[in-house]
Amino acid sequence: MDNETKEKYELQDDLDKIYNVARMVILKNLETGEIYNFIMVFIGTYDYLMHTTSFENNSYLHREADFDEKVLFYNFNYGLVNGWKYESGKITASISPGTEEGYRMSLQRGRGQSVCNTEIDWMEKRNCHNDIVWDHELGLPGLDVICDKYLHPEYHEVCASLDDDEMDGGGGGYNPPSNPPETPPTPCKRAKTLSQDAAFKSRIKDVYRKTFSAGNTVEQGFIQTSDGQTIFPNVQESGSAKFTNDQIAGKEIMEWYHSHPTGSMITSWADLKALAIRYQQGYVKSENFTYGVVSTFGCLSIMITSPADFNAFATKVRNGELLDKWNYEVDTPGVRGGVDECIGGLLKFLDRNNSGLSVMFSSNIDESNPTWNAQELASNGKSINMECNQ
């Protein structure tokens, strides 16, 4: 739904009129024999949805004469490929994938100041997790799947159409990607990359050696920048390894790791807050960024799988909105378990709060060739290695 519909959707009562029309389409090029499979989604404006009685008549080959808003085309492997914006059944603009930064720039310069502007639409998603419930019939505890709905932003670059053929009703179809974008990184792919990166493993082993082989009680760590510079903390204390603003000014952080000499194998609340601050200050931009903790148990690495979700999560972390949940679910005083239980608690917290983060772990960083494994939450609340088919 668009921004206007999102705002009014929460206020009006006739919710059965607020929906999208989605079609699965299969096309065959009769000249080349190539087959295209994709999903098309019709999004209506609020006024259109409130008054139309023929929304579902829209299809790949037909647009209703009064159709207003967007048609979006999604490739199964690459997500949004292209789309078209309509007014009264006629194309007014083309649509391509946009970015959050582009949206902020569009807001700053104002609408109508450029042929192309970035707009935001909202997609309903579900966040599901297992929860322990009491089965009154059997008199035993059991597992139930609980799903929370939430709205996820999707950014679209909308460029006013200057082509008369398009304005007259031509175009409006699916444009197969000529240079398909690379699929976004996954925990499995990132774990494999970390395991094969000799320089990265050397830096991690150096932190481990400085902390535990030397018997230090102060935290060690490093920041690796996009230009290949390794920066070491300017302040090292028991329970703290800090980097000053002067040290990282103008830098893009690619890796950020520190040790917990006497602490846990997972991030602390202070760690999450530091990451949230630096991310929202613009020091972290690359999808290849990882953040982590080195302990006697191994090395825990965190990657950002959804920048939009993580940005919202970071805001909640910075304002303390999730602190009580953290203390109750992850850092309960006097309660400590094994590695899989501690990482499981972290995963549960991150998943339940739509953090946009994924976790990998290496338990053998003291060996010659350490390996990282993507982690997921098992039904018993513990972490397990994700099954990665690569």
Side-chain angles (χ1 to χ4, degrees), residues 1-2 19-44 55-56 58-63 67 69-86 91-103 106 116-128 150-161 163 165-166 169-190 192-193 286-288 303-310 354 356 358 374 386 388-390:
M1 65 179 75
D2 59 21
Y19 66 96
N20 299 325
V21 171
R23 311 283 189 200
M24 180 176 177
V25 183
I26 302 175
L27 298 179
K28 182 176 182 179
N29 187 317
L30 296 180
E31 294 182 358
T32 65
E34 190 170 3
I35 295 176
Y36 303 109
N37 304 292
F38 55 90
I39 297 290
M40 66 182 305
V41 178
F42 291 87
I43 301 175
F55 188 23
E56 295 185 4
N58 289 291
S59 67
Y60 187 73
L61 298 177
H62 173 74
R63 309 288 190 271
F67 176 63
E69 197 49 30
K70 298 183 179 80
V71 177
L72 303 174
F73 296 97
Y74 293 87
N75 180 283
F76 289 101
N77 294 320
Y78 312 120
L80 177 67
V81 175
N82 72 293
W84 306 91
K85 191 165 185 176
Y86 287 78
I91 291 175
T92 60
S94 62
I95 298 173
S96 58
T99 64
E100 183 178 357
E101 179 64 23
Y103 179 65
S106 293
C116 296
N117 289 290
T118 302
E119 299 182 1
I120 186 172
D121 289 298
W122 299 89
M123 309 298 170
E124 184 178 274
K125 291 192 173 185
R126 294 172 183 261
N127 181 51
C128 300
Y150 67 100
L151 292 177
H152 177 82
E154 185 170 285
Y155 300 96
H156 302 138
E157 185 177 45
V158 180
C159 296
S161 178
D163 191 316
D165 289 338
E166 290 180 356
Y174 173 71
N175 295 335
S178 55
N179 294 304
E182 293 184 4
T183 56
T186 65
C188 287
K189 290 182 179 179
R190 181 56 45 76
K192 183 177 181 180
T193 300
S286 173
E287 63 181 15
N288 295 319
M303 65 177 289
I304 300 172
T305 47
S306 173
D309 284 346
F310 178 63
N354 305 322
S358 293
M386 191 180 295
C388 298
N389 298 317
Q390 308 188 55

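Counting begins at 1 with the first residue of the sequence.
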Task: Student check: side-chain heavy atoms of E69 and K85 closer than 4.5 Å - done: yes
Open item on the list: Would you compute the distance between atom OH of Y155 and atom CG of D121 and round it to the nearest 0.5 angstrom?
Closed with: 11.0 Å
- [ ] Enter the distance from R23:CZ to I39:CD1 here, rounded to the nearest 0.5 Å.
- [x] 11.0 Å
Open item on the list: Looking at every heavy atom in both C116 and E157, which two are closest together, and how far apart are they?
Closed with: CB-OE2, 4.1 Å
- [ ] Over 60° means perpendicular and under 30° means parallel, so classify the ring planes of F67 and F55, tilted if in between.
- [x] parallel
TODO: Examine distances only and state if a side-chain atom of R63 and a backbone atom of I91 form a donor-acceptor pair shorter than 3.5 Å.
DONE: no
TODO: Would you mind reporting whether Y174 and M40 have side-chain heavy atoms less than 4.5 Å apart?
DONE: no
Task: G173 to N82 - nearest heavy-atom pair and separation - done: O-ND2, 3.0 Å
Open item on the list: Donor-acceptor check, side chain of Y74 to backbone of V41, threshold 3.5 angstrom: yes or no?
Closed with: no
TODO: Please name the pair of heavy atoms, one in N288 and one in R190, separated by the smallest distance, quoted to 0.1 Å.
DONE: OD1-NH2, 3.1 Å
Open item on the list: Do M303 and T186 make a side-chain contact, defined as non-hydrogen atoms from C-beta onward lying under 4.5 Å apart?
Closed with: no
Open item on the list: Is a donor from one side chain sitting under 3.5 angstrom from an acceptor on the other, for Y36 and N75?
Closed with: no
Task: F38 side chain near L27 side chain, heavy-atom distance below 4.5 Å - done: yes
Open item on the list: Using only atom types and a distance under 3.5 Å, with no angle test, would you say the side chain of S94 pairs donor to acceptor with the backbone of W84?
Closed with: no
Open item on the list: Just by distance, no angles: are the side chains of H156 and E154 close enough, under 3.5 Å, to form a donor-acceptor pair?
Closed with: yes
Open item on the list: Measuring from atom CG of L72 to atom CG of N20, what distance do you get when rounded to the nearest 0.5 angstrom?
Closed with: 8.5 Å
Open item on the list: With a sphere of 6.0 Å drawn around CD of E100, does it hold more than 12 non-hydrogen atoms of other residues, nucleotides or ligands?
Closed with: yes
Open item on the list: So E119 and K70, do their side chains get closer than 4.5 Å, heavy atoms only?
Closed with: yes
TODO: Locate the shortest heavy-atom distance separating S358 from T305; write the atom from each residue and the value.
DONE: OG-CG2, 3.2 Å
- [ ] For A374 and C188, work out which heavy atoms get closest and say how close.
- [x] CB-N, 3.9 Å
Task: Distance, nearest 0.5 Å, that separates OG of S306 from NE2 of H152 - done: 4.5 Å
Task: Ring centers of Y86, F42 separated by less than 6.0 Å - done: no
Open item on the list: Please check: side-chain N/O of N37 versus main-chain N/O of M24, any donor-acceptor pairing under 3.5 Å?
Closed with: no
- [ ] Specify the closest pair of heavy atoms between P153 and I120, including all atoms of both residues, with the distance to one decimal.
- [x] CB-CD1, 3.6 Å
Open item on the list: So T99 and T118, do their side chains get closer than 4.5 Å, heavy atoms only?
Closed with: no
